[in-house]
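Here the structure comes first, spelled out in structure tokens, and everything after it is commentary.
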Amino acid sequence: MEYAVRAEGIYKSFHTGSVQLEALKNISLSVQRGELFGLIGPDGAGKTTLFRIFTTLMLATKGNAWVDGLEVIGDYEEIRKRVGYMPGKFSLYQDLTVEENLSFFATLFDTSLEENYDLVKDIYRQIEPFKHRRAGALSGGMKQKLALSCALIHKPSVLFLDEPTTGVDAVSRKEFWELLRNLQQQQITIVVSTPYMDEASMCDRVALMQEGRIMEIDSPDEITKKFEKPLWAAKAKNMYQLMSTLRSNDGVATCYPFGQFHHITLKENIEIETLRKSLGGGEHLDLTVQQIEPTIEDRFMELMNQ
Amino acid sequence: MKQFLYFIRKEFYHLLRDRRTLFILFGMPITQILIFGFALTNEVKNSAIAILDNSKDEATAAIIHQLEASQYFDLLLNINSNAELESTFQQGKIRMAVVFPEQFQRSLLHNNLAQVQLIADATDPNVANTLTTYATSIIMDYQQSLSNGIPIPLMVNTEMRMLYNPQMKGSYNFVPGVMAMVLMLVGAMMTSISIVREKELGTMEVILVSPIVPMRIIIAKMIPYLILSMVNIASILLLSVYALDVPIRGSLVLLVAECFLFTLTALALGLLISSVSGSQQVAMLISLMGLFLPTIMFSGFMFPVENMPIPLQVLSNLVPAKWFYYIVKDVMIKGTGLKTVWMETLILAGMLVVLLTVSIRKFKVRLE
Amino acid sequence: MSSQPSISVSKLTKRFGDFTAVDEITFDVHQGEIFGFLGANGAGKTTAMRMLCGLSLPTSGTATVAGFDLSSEPEQIKKSIGYMSQKFSLYEDLTIRENSRFYGGIYGLKDQQILQRTQEMLDHLKLESQADTLVKSLPLGWKQKLSFAVALMHDPKIVFLDEPTGGVDPVTRREFWTMIYAAADRGTTVFVTTHYMDEAEYCDRVSIMVDGKVQALDTPSALSKQFGTKGMTEVFIQLARKATRSDN
């Protein structure tokens, strides 16, 4: 079966003056048709650069890529007809209205809102009441939805969304991912990038990226299973004090704050009971220590530290 | 106080590390001083003039000799008839002609009075004025030299005739110049800014990743400014004719066609600038420094080109506005037709073809 | 520890024309507290924070920041606070040392102090070898940590952090919060906004703004109990969903 998106040995370097920046190092991945694939990583990981190579906006320094079975260098004109792209910062025309933006992008692709209304209607209905408002005057969440509609309007076979949830509040983010899951049912392959680790669990498969490299590719569940050690969560009344104690403890390998708990891994051959005993002196009020299932973020950090 | 000093120091760091701005801040004034100091001058030197000597005697020879010897004039042609005079002016080969009537010397010696006619191309009234003044003073000198010792002074009467612009209106010169400036500004600067703005906003990315052929993007970007430029031309011409009394002596159709040609050249330049500019600021700077300023300096409407040092004269040939200004002046003020300006038109068209080819090639289909 | 609040806000309001961005908010922040200031985009938290930093004048209401009155002594306030945001940290075309010298000078530190603090900062972050590199060559995570260290250089009583960890990798994010904990431990009040709900859990107390008003203010665990949720994410979602403003 043909892959929707494929990369093989992609390298990309940039030269600014005398400095050479290696944005991508040996990137290889493949996305199945109809998959919701996530590129997870912080700023500087290379996600935007990789997207630009896939959407034919940039050429790789080395290696090759294919979208919808077509090769990105030679077949770029055909790829551009089939791909939907939402770059960072939404990239809409601020001084055009919602309706004008949508019709412009529709006609760019030789289609119209009416023709593909079914495709975008779930999303469009939410912004339709504002269709005469200038895009610049919309809230972050609305802009996001408009940008998504514009990227979808021509029924692309592959949709590339570059950090669509950045700078948007938690409620809108959640809604957006629900929209994406619904879109999957239309047989559109969706490739999304995000710095938010918790969004990884919404994808079918993810690639964890850091500083131009892919650290791991798999489904979210499989990735968390790959976590190498048992993971413990500790909590006490004074978390800062607890963290200082844990970090100076000989048996502790890593200790990171994770919201309400500190996530701890122990060194080789150290038992949790040893740790419990050394903490039991009473300086830590309301102390609890329990084993937990690792999250994608735990695994990401484990990979970073290797 | 120290707070203040630290702030100043920081500002210097920013300044010194921005090479491009530094170049403009230091490079530009030096270049401009040199150019303005050496090259651009209202002084007129080595102007091409023609002589129509109907007398061919000692006196005329003497005057001609003086004129030739002067640094202000380059004796270009000896003309033999009025008809030839007319066409020489039309072709723009000379700025002034000196006409001696028959029996010049005899009139001078016997009647103590002789006439010399100075005919000047007054499409640039300032230059015309300057030239006639120089010529008159040379003739006066001659008159003076003859009168030495003679009780009754001899008089050489200079009659001046200003061609094309008898009232010596500055507007005859300015209108074509303004047209060049406006078309260059609107066409080049606005086009380049519009393209670069899309790059800056990020919308260019989205457009590129769509089926639209890049050629269509280019044309779509240019058309509004093309139309706007034509509207500008229409309003400039209307105002010139009705408010400033500037005539359109030649064919209006030809004039508009030449304007169209020049506008396309400006648009092509705008496209080229957009390919090498990363930000709107840079596009604007390049348009102003690299296009607008040379248009003003080298087109010839403020400073006569023939008075510049040779290297700059050669350089001025690269400025499309120079050719356009010449064509418009000829067609509008002198009333000539394609027969006279065909070469300049061809040059302009050639520039257009070259610029379009280069700028279309340079238009980036990708982001880098 | 003194009982005088670090920040005391009473019916603080900001109106733009007939739009009320911040609507009579009232709360206190204690010294040495890590105070999380949350809210959806458009809820008014950026506007509120700007007022507290002395960057914009309130339409009505009063506040004292670091013991100085907001309306009458804004210049005194600026001397006592530090500020850092995601969008702007340090000057990219200056080196670490030059940035440090600049900000130290702006806040009136003596040369000797600046040298000393800069050295401490470089040692603590292990950036000694990069002291004379331009900031733009540093990875994002380092920039943010440096930026925070510089904001603290003049020992401010309160430091305002506007989404300081946006887009930063998870390890650096936590290192950053370790720095925040350490600062709070030394007695600096930390007023921070963030989109990361797990970071909300690190705060001593959290307030959530909705449509210009403060709709919740308590410790993270108390809020979870109050709204019957497992953590701050759900609390936030419950409150933000009721907002009318962002979709108008």
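On a predicted model such as this, the values are computed, not experimentally measured, just so you know. Below, chains carry the letters A, B, ... as their sequence lines are ordered, and counting in each starts from 1. Excluded from the calculations below are hydrogen atoms, water molecules and symmetry mates; all remaining heavy atoms, backbone and side chain alike, are included.
Counting non-hydrogen atoms of other residues, nucleotides and ligands closer than 6.0 Å to NZ of A:Lys174 gives a total of 12 or fewer. Atom NZ of A:Lys226 sits in a crowded spot, with more than 12 heavy atoms from other residues, nucleotides or ligands closer than 6.0 Å. In the displayed structure, A:Lys267 atom NZ is contacted under 6.0 Å by more than 12 heavy atoms of other residues, nucleotides or ligands. Counting heavy-atom neighbours within 6.0 Å of C:Gln238 CD, excluding the residue itself, gives a total above 12. When the shell of 6.0 Å around CD of A:Glu293 is examined, it contains 12 or fewer heavy atoms from other residues, nucleotides or ligands.
Looking only at heavy-atom pairs under 4.5 Å with chain A, the residue among C:Thr233, C:Val171, C:Ile237 that has the most is C:Val171. Per-residue heavy-atom pair counts under 4.5 Å with chain A were compared for C:Ser221, C:Ala182, C:Gly231, and the maximum is reached by C:Ala182.
With a threshold of 4.5 angstrom between heavy atoms, C:Val168 approaches chain A through N, CA, C or O but not through any side-chain atom. In this structure, chain C has no heavy atom under 4.5 Å from any part of A:Phe261. Residue A:Gln241 does not touch chain C at all, counting heavy-atom pairs closer than 4.5 Å. Using a 4.5 Å cut-off between heavy atoms, C:Lys230 contacts chain A through its backbone alone, with no side-chain atom that close. There is no contact between A:Glu163 and chain C, counting heavy-atom distances below 4.5 Å.
Between C:Gly167 and A:Pro42, the shortest heavy-atom distance links the atoms O-CB, 3.5 Å.
Inspection of non-hydrogen atoms places C:His195, C:Tyr196, C:Asp198, C:Glu201, C:Tyr202 of residues 188-209 of chain C under 4.5 Å from chain A. Listed in order of number, the residues of residues 296-303 of chain A that approach chain C to under 4.5 Å between heavy atoms are A:Glu297, A:Phe300, A:Met301.
In this structure, the side chain of C:Arg174 does not engage the main chain of A:Tyr256 through any donor-acceptor pair within 3.5 Å.
Contact check for C:Pro170 versus A:Met197: side-chain heavy atoms found under the 4.5 Å cut-off.
If you take CG on C:Asp169 and CE on A:Met304, they are separated by 3.5 Å, rounding to the nearest 0.5 Å.
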